[in-house]
Amino acid sequence: MSVTGVGSYPGVDPGEAARVVAGELPDLVHLPELPNRGPGADLVGRASALLVEFPLELWPSGWRVAERPGRDTLRATTYLSADLDAFEEHTQGYTGLAKIQVAGPWTLAASVELRNGERMLSDPGAVRDLNESLAEGLRAHIENVRRRLPHATLVVQVDEPALTAVLDGRLPTASGYSRLRPVEEPVVEERLRELFRLIDTTGAVPVAHSCAAGVPIDLLRRAEATALSLDATLLTPDHDEAIGTAVEGGMGLWLGVVGIGENEVNSSAATPSPATVLSHPAASVDTVRRMWHRIGFAPETLTEAVVLTPRCGLAGASARNARAALEAASAAARVLREDPEGSLAG
């Protein structure tokens with residue numbers, strides 16, 4: 001059973017982040033993202049470094065389509081280059097799975113503004129152009145990473161935290177007085193399928209990820225993601241059928257089981273104890289065991305189909321607790337390997 005991180009990591013030093021990730025995740029490393037550096041290192045800003053002939057710039061309200069590349073795009077590109085340099089340095093000779101992350105087309109369309117200040121999601125033509133630009137830039141990004149890690153098998157995690165809001169019509173207009181119309185499922189599905197297929201044609205593995213509640217599991221399966229990355233604590237028996245269908249169809253399941261509590265952020269202690277803020281490994285995997293049991297899968301198949309992760313990104317944690325979260329996820333994986341059935345036995 002493999003373990004990996006979601007993507008974001010605390011701090012501003014790409015070398016230190018890459019060193020920790022490479023050391024703690026020997027079977028499935030990931031390119032650390034360091035949003036604490038500020039604009040350009042955030043989810044959307046990072047994607048702006050990949051877009052081809054689709055420049056963005058930062059406004060007080062957020063990222064907006066620009067007439068030409070400027071200092072904001074340059075900053076994002078510089079951050080990404082530094083991260084890749086550090087990642088390459090600490091993964092010399094690596095032969096396992098290596099994951100990179102990118103904001104998905106619908107989260108970008110929900111987050112980026114047109115020049116008039118409205119969300120790009122309001123303009124289907126602009127969304128189509130964005131998707132094509134992202135696909136072209138992502139292809140070049142994958143080739144760049146492959147040159148740096150020539151012996152690794154690449155995994156591309158497509159982050160779609162805004163996907164459910166796009167489908168449900170919960171995004172406000174620029175004025176704030178109304179909401180954008182929900183995007184129809186077939187349209188959402190087709191755009192995602194195009195991107196997942198593009199990733200597949202490069203020889204990389206497409207993984208769809210969201211830490212949000214209500215992730216459209218069936219839609220992502222139909223869109224041909226190879227695996228789903230979800231927060232296990234948000235899954236309920238209502239999701240069992242969709243998850244069962246996905247796993248039976250050959251999809252991998254990446255489950256976030258390790259969480260960091262509120263006292264990580266609010267504690268006044270200089271070095272809060274990881275034991276007070278991290279999910280206990282044995283307790284973390286009970287959710288996974290119960291779900292597997294409800295669906296009716298054999299316990300021994302669990303370790304073959306599931307990858308464990310923290311529940312979401314770790315940028316809000318201290319460096320100490322971020323590392324402890326990765327260690328806790330590895331400990332949870334050992335618990336499942338040694339005892340996949342647990343207290344459900346008999």
Side-chain contact test, heavy atoms from C-beta onward, threshold under 4.5 Å: evaluate it for [X] versus [Y] and give yes or no.
{"X": "L50", "Y": "L80", "value": "yes"}
{"X": "L314", "Y": "V6", "value": "no"}
{"X": "L255", "Y": "M291", "value": "yes"}
{"X": "L163", "Y": "S210", "value": "no"}
{"X": "R289", "Y": "L336", "value": "yes"}
{"X": "H30", "Y": "V155", "value": "no"}
{"X": "L326", "Y": "S330", "value": "no"}

Between atom [atom1] of [X] and atom [atom2] of [Y], what is the distance when rounded to the nearest 0.5 Å?
{"X": "T226", "Y": "D200", "atom1": "OG1", "atom2": "CG", "value": "6.0 Å"}
{"X": "R64", "Y": "D72", "atom1": "CZ", "atom2": "CG", "value": "12.5 Å"}
{"X": "H151", "Y": "T91", "atom1": "NE2", "atom2": "OG1", "value": "11.0 Å"}
{"X": "E241", "Y": "R294", "atom1": "CD", "atom2": "CZ", "value": "13.0 Å"}
{"X": "D240", "Y": "I217", "atom1": "CG", "atom2": "CD1", "value": "9.0 Å"}
{"X": "N131", "Y": "L198", "atom1": "CG", "atom2": "CG", "value": "9.0 Å"}

Side-chain donor/acceptor of [X] to backbone N/O of [Y], under 3.5 Å:
{"X": "T153", "Y": "L97", "answer": "no"}
{"X": "W254", "Y": "T309", "answer": "no"}
{"X": "T301", "Y": "A298", "answer": "yes"}
{"X": "Y79", "Y": "L74", "answer": "no"}
{"X": "E160", "Y": "W106", "answer": "yes"}
{"X": "R193", "Y": "R222", "answer": "yes"}
{"X": "Q101", "Y": "L31", "answer": "yes"}
{"X": "R323", "Y": "V20", "answer": "no"}
{"X": "T202", "Y": "R139", "answer": "no"}
{"X": "T73", "Y": "L56", "answer": "yes"}

In one Ile/Leu/Val/Met/Phe/Trp/Tyr side-chain cluster, 4.5 Å: [X], [Y]:
{"X": "V215", "Y": "V187", "value": "yes"}
{"X": "L219", "Y": "V183", "value": "yes"}
{"X": "L234", "Y": "L220", "value": "no"}
{"X": "L308", "Y": "L28", "value": "no"}
{"X": "M251", "Y": "V207", "value": "no"}

Closest approach of [X] and [Y], non-hydrogen atoms and distance?
{"X": "P216", "Y": "L167", "answer": "CG-CD1, 3.7 Å"}
{"X": "L43", "Y": "T107", "answer": "CD2-CG2, 4.0 Å"}
{"X": "P39", "Y": "L58", "answer": "CB-CD2, 3.2 Å"}
{"X": "A223", "Y": "L192", "answer": "CB-CB, 4.0 Å"}
{"X": "I295", "Y": "G244", "answer": "CG2-CA, 3.9 Å"}
{"X": "V156", "Y": "A204", "answer": "CG2-CB, 3.9 Å"}

For this session: Could you walk me through whether V247 and W292 pass the side-chain contact (heavy atoms from CB on, under 4.5 Å) test, one step at a time?
Result: CA-CA 11 Å; V247 173; W292 217 248; 4.1 Å; yes
Residue pairs meeting disulfide bond (SG atoms under 2.5 Å apart), one or both in residues 8-76, sequence neighbours left out, come to none
Residues pairing under disulfide bond (SG atoms under 2.5 Å apart) where one sits in residues 132-246, two or more places apart or in two chains, turn out to be C211-C312
Determine whether more than 12 heavy atoms belonging to other residues, nucleotides or ligands lie under 6.0 Å from atom [atom1] of [X].
{"X": "Q92", "atom1": "CD", "answer": "yes"}
{"X": "E300", "atom1": "CD", "answer": "yes"}
{"X": "R179", "atom1": "CZ", "answer": "yes"}
{"X": "R115", "atom1": "CZ", "answer": "yes"}

Checking S48 against V44 for the side-chain contact (heavy atoms from CB on, under 4.5 Å) test, could you report, in this order, the C-alpha distance in whole Å, the side-chain angles of both residues, the deciding distance, and whether it holds? CA-CA 6 Å; S48 74; V44 178; 5.8 Å; no
Strictly below 4.0 Å, N to O, side chains only: are R37 and D83 in salt-bridge contact?
yes
task = Identify whether the distance between the nearest side-chain nitrogen and carboxylate oxygen of R146 and E143 falls below 4.0 Å.
result = no
Could you go through V205 and I199, starting from their C-alpha distance and side-chain angles, then the distance that decides it, and tell me whether this counts as side-chain contact (heavy atoms from CB on, under 4.5 Å)?
CA-CA 7 Å; V205 179; I199 294 169; over 6 Å; no
Give every donor-acceptor pair under 3.5 Å between a side-chain atom in residues 116-130 and any protein atom, sequence neighbours left out.
residue, atom, partner, partner atom, Å
N116, OD1, E118, N, 2.9
E118, OE1, A174, N, 3.2
E118, OE2, A174, N, 3.0
R119, NE, P172, O, 2.8
R119, NH1, A110, O, 2.5
S122, OG, R119, O, 2.7
D123, OD1, G125, N, 3.0
D123, OD1, A126, N, 3.2

Under 3.5 Å side-chain donor-acceptor pair for [X] and [Y]:
{"X": "T233", "Y": "R311", "result": "yes"}
{"X": "S8", "Y": "E33", "result": "no"}
{"X": "Q157", "Y": "S229", "result": "no"}

field: R148 charged N/C atom sitting above F87 aromatic ring, 6.0 Å / 45°
entry: no
- Is there a side-chain contact (heavy atoms from CB on, under 4.5 Å) between V3 and D27 once you walk through the steps? CA-CA 7 Å; V3 175; D27 299 321; over 6 Å; no
